Trainee: 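Here you go, one structure.
Keep in mind that what you see is a predicted model, and the values were worked out from it rather than measured. Heavy-atom basis, side chains included; hydrogens, waters and symmetry copies ignored.
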Amino acid sequence: MAKIDKDEYLDPTIPLLEVRDLAVSFGNPSSPSSPRVQAVAGVNMTIYPRQTLAVVGESGCGKSVTAMSTMQLVPRPPGRFDGGKALFRGDDVLEFNERQIRSLRGDDIAMIFQEPMTSLNPVYTIGDQIMEAILLHQKVSGSEAERIAVEAMRDVGIPQPEQRLKSYPHQFSGGMRQRVMIAMALITRPEVLISDEPTTALDVTVQAQILDILQKRRAELGTSIIFITHDLGVVSGFCDRVHVMYAGKTLESAPTRKLFEQSKHPYTQALQSSIPALHDKETALYTIPGSPPDLSNPPRGCPFAPRCEHAIPACSSDETPMELKPIGEEHFSACIRYQQGDLS
């Protein structure tokens, strides 16, 4: 890929981050002869400046591994990059050395992890941890770092930030700890923010507050967001595009409204059917039949075929490769029945 000047990435038509045919597997350290688990198997996704991309799917489908690969956060071993690229401004971050990847993390790409209680160090104050992030990436004095930390905490809605700097993580609620993680991630104004299930285990009121903070900071800073979740209901009013994953593969990708109104993969439709409807209390909650496949021995063809009510023999054949193909404007599906026009 030709080198592109950084300023050109302000152009919303030029990809900021591209994942191409990414494949990541994990071995079992206690049993080296066991088959490797193919956590990610040829994923492609693209995020543009100021865009929010939702990555959705069941737990264990490869969402977090895909995102963490863009920062080389996959532990190796037991993890291994088996193929593909992760291009940030045209450079493959999978080939970065330790110095380059340290420079990328925080400055250019930052991450909000799923569980703030395990991400924050319990023996250091909140202020120490936020200031550490500032001093690592900015050439400022300790007093200036404290001022920036207070302002960052105020920006994410933490009351009395001057006093709360001296508090420890266990003295914060789950929602407040998540706000601290957001403040730490955004303090260096990264171009891409990876948000890994930031509302999991929070009540709906706090979920709404966290999403509102992310929306405001996105508007103020122009940050692109990769929003990882298993909950389609959360992304409907927050994300520009949705990327649906299952068993380490991409099954569908489309603009948010189009995906909700015209989904073109049975798995996406099953996820939508699983969302509880408050107005319909008589209908039993839909559950997807069967279980996710064993990724150390994945099924042939489409990985969702064993659970799909629309599956035909060709769906489980090695002679019918599962490929993400366009089936409409900005809409891609890996379902061969939709690609062939058998389903509409």
Trainee: Could you check Thr287 against Ser274 for side chain to side chain contact (heavy atoms under 4.5 Å, CB included), going step by step and ending with a plain yes or no?
Mentor: CA-CA 6 Å; Thr287 57; Ser274 301; 6.0 Å; no
Trainee: Rounded to the nearest 0.5 Å, how far does CE of Met71 lie from CZ of Arg102?
Mentor: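 Those atoms lie 11.5 Å apart.
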Trainee: Looking at Arg105 and Gln72, what are the two nearest heavy atoms and their distance?
Mentor: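 Closest approach of Arg105 to Gln72, heavy atoms only: NH2-O, 2.9 Å.
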Trainee: Grab the two heavy atoms, one from Ser253 and one from Arg241, that are nearest each other, plus how far apart they are.
Mentor: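 Closest approach of Ser253 to Arg241: OG-NE, 3.1 Å.
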Trainee: Should Asp108 and Arg89 count as an ion pair when the cut-off is N to O under 4.0 Å?
Mentor: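 Result for this pair is yes, salt bridge flagged.
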Trainee: Test the Arg76-Phe81 pair against the cation-pi criterion, namely NZ or CZ under 6.0 angstrom from the six-membered ring centroid and within 45° of the ring axis.
Mentor: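 The answer is no, since Arg76 fails at least one limit relative to Phe81.
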Trainee: How long is the straight-line distance from CZ of Arg189 back to OG1 of Thr223, given to the nearest 0.5 Å?
Mentor: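 Between Thr223 OG1 and Arg189 CZ, I get 8.5 Å after rounding to 0.5 Å.
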Trainee: Can you tell me how far CD1 of Ile109 sits from CG of Leu193, rounded to the nearest 0.5 angstrom?
Mentor: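 Separation between the atoms: 10.5 Å.
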Trainee: Verify side chain to side chain contact (heavy atoms under 4.5 Å, CB included) between Val244 and Thr250, making sure each step is shown before the conclusion.
Mentor: CA-CA 6 Å; Val244 182; Thr250 305; over 6 Å; no
Trainee: Over all heavy atoms of both residues, which pair between Cys239 and Phe227 is shortest? Give the atoms and the distance, please.
Mentor: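 Minimum heavy-atom contact is SG-CB, 4.1 Å.
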Trainee: Decide whether Gln262 and His331 meet the rule of one side-chain donor and one side-chain acceptor closer than 3.5 Å.
Mentor: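 On atom types as modelled, these side chains do not qualify, holding no pair under 3.5 Å.
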Trainee: Under a 4.0 Å threshold between the charged nitrogen and the carboxylate oxygen, would Asp155 count as salt-bridged to Arg217?
Mentor: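 Answer for the salt bridge query: yes.
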Trainee: Do we see a donor-acceptor contact under 3.5 Å between the side chains of Thr229 and Asp231?
Mentor: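 No pair is found: no donor N or O on one side chain lies under 3.5 Å from an acceptor on the other.
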Trainee: With a 6.0 Å cut-off (strictly less than), is the heavy-atom count around CD of Glu132, excluding the residue itself, greater than 12?
Mentor: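 It does not: Glu132 CD has 12 such atoms or fewer within range.
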Trainee: Does Tyr286 have more than 12 heavy atoms from other residues, nucleotides or ligands lying within 6.0 Å of its OH?
Mentor: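 Enclosed: over 12 neighbouring heavy atoms sit under 6.0 Å from OH of Tyr286.
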Trainee: State, without any angle test, whether Arg218 and Thr52 hold a side-chain donor-acceptor pair at a distance under 3.5 Å.
Mentor: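 Arg218 vs Thr52: donor-acceptor pair found between side chains.
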Trainee: A quick test of your reading: do over 12 heavy atoms of other residues, nucleotides or ligands sit less than 6.0 Å from CD of Glu329?
Mentor: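 Open.
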Trainee: Just by distance, with hydrogens left out, do Thr188 and Asp107 show a side-chain donor and acceptor under 3.5 Å apart?
Mentor: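 No - no donor-acceptor pair under 3.5 Å links their side chains.
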Trainee: Is a side-chain donor or acceptor of Asp240 paired with a backbone partner of Gln51 at a separation under 3.5 angstrom?
Mentor: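 Side chain of Asp240 to backbone of Gln51, a donor-acceptor pair under 3.5 Å: no, none is there.
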Trainee: I'd like to know if Arg147 and Glu151 make a salt bridge, using a cut-off of under 4.0 Å between side-chain N and carboxylate O.
Mentor: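 No, this pair does not count.
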Trainee: Strictly distance-based, threshold 3.5 Å: is any side-chain N or O of Glu144 a donor or acceptor partner for the main-chain N or O of Ser141?
Mentor: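 Looks like no, no N/O pair under 3.5 Å.
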Trainee: Check whether the side chains of Ser263 and Gln272 place a donor and an acceptor atom closer than 3.5 Å, and report yes or no.
Mentor: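 Yes, Gln272 and Ser263 have a side-chain donor paired with an acceptor closer than 3.5 Å.
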Trainee: Would you say the side-chain atoms of Thr70 pair up with the backbone N or O of Ala67, donor to acceptor, closer than 3.5 Å?
Mentor: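 Yes, the answer is positive, given that a donor and an acceptor are paired below the 3.5 Å cut-off.
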Trainee: Hey, does the side chain of Asn97 reach the backbone of Arg99 with a donor-acceptor pair shorter than 3.5 angstrom?
Mentor: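 Yes, Asn97 side chain to Arg99 backbone: donor-acceptor pair under 3.5 Å.
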Trainee: If you measure from OG on Ser333 to CG on Leu324, what distance do you get to the nearest 0.5 Å?
Mentor: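 Between atom OG of Ser333 and atom CG of Leu324 there are 7.0 Å.
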Trainee: Of the non-hydrogen atoms in Val65 and Val74, which two are nearest, and what is the gap between them?
Mentor: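 It is O-CG2, 4.0 Å.
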Trainee: Enter the distance from Leu165:CG to Gln129:CD here, rounded to the nearest 0.5 Å.
Mentor: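 One gets 11.5 Å once the value is rounded to the nearest 0.5 Å.
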Trainee: Applying ring pair (Phe, Tyr, Trp, His ring centres under 6.0 Å), can you list everything that pairs with Phe304, at least two apart in sequence or on another chain?
Mentor: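 Ring pair (Phe, Tyr, Trp, His ring centres under 6.0 Å) check on Phe304 returns Tyr246, Tyr267.
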Trainee: Check whether any side-chain heavy atom of Asp21 lies under 4.5 Å from a side-chain heavy atom of Asn44, and answer yes or no.
Mentor: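 When only atoms from C-beta onward are counted, Asn44 and Asp21 do touch, with a gap below 4.5 Å.
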Trainee: How many angstroms lie between atom CG of Leu53 and atom OG of Ser195, to the nearest 0.5 angstrom?
Mentor: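 Answer for the CG-OG pair, Leu53 versus Ser195, is 12.0 Å.
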Trainee: Restricting to non-hydrogen atoms, name the atom on Val156 and the atom on Arg179 that form the minimum distance, rounded to 0.1 Å.
Mentor: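 Answer, listing the atom of Val156 first, then Arg179: O-NH1, 2.9 Å.
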Trainee: Would the distance check show the side chain of Gln207 and the main-chain N or O of Pro198 forming a donor-acceptor pair, the cut-off being under 3.5 Å?
Mentor: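 Checking the backbone N and O of Pro198 against the side chain of Gln207, no donor-acceptor pair under 3.5 Å is found.
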Trainee: Hey, are Arg307 and Glu58 close enough for a salt bridge, meaning a charged N less than 4.0 Å from a carboxylate O?
Mentor: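 Yes, this pair counts.
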Trainee: Looking only at heavy atoms, which two atoms of Ala23 and Gln38 are closest? And how far apart?
Mentor: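 So the two residues come closest at CB-NE2, 3.8 Å.
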Trainee: A quick test of your reading: do over 12 heavy atoms of other residues, nucleotides or ligands sit less than 6.0 Å from NZ of Lys85?
Mentor: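 12 or below, so no.
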Trainee: I'd like to know whether CD of Glu98 has more than 12 heavy-atom contacts from other residues, nucleotides or ligands below 6.0 angstrom.
Mentor: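 Atom CD in Glu98 is packed in, count exceeds 12.
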Trainee: Do Ile210 and Leu221 land in one hydrophobic cluster if side-chain heavy atoms of ILVMFWY residues count as linked below 4.5 Å?
Mentor: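 Linked within one cluster.
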Trainee: So that I can tick it off, tell me whether Glu162 and Arg154 are bridged by a salt bridge, with the cut-off set at under 4.0 angstrom between side-chain N and carboxylate O.
Mentor: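 Yes, this pair counts.
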Trainee: Could you please spell out the steps behind the side-chain hydrogen bond (donor to acceptor under 3.5 Å, both in side chains) verdict for Asn28 and Ser34?
Mentor: CA-CA 7 Å; Asn28 184 347; Ser34 299; 4.6 Å; no
Trainee: Would you indicate whether Gln160, at its atom CD, is surrounded by more than 12 heavy atoms from other residues, nucleotides or ligands within a distance under 6.0 Å?
Mentor: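 Not more than 12 within 6.0 Å, no.
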Trainee: Would you find a donor on one side and an acceptor on the other, under 3.5 Å apart, between the side chain of Arg337 and the backbone of His265?
Mentor: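 Looks like no, no N/O pair under 3.5 Å.
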Trainee: Verify, without hydrogens or angle tests, whether Glu252 (side chain) and Lys264 (backbone) share a donor-acceptor contact under 3.5 angstrom.
Mentor: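 Such a contact is found between Glu252 side chain and Lys264 backbone.
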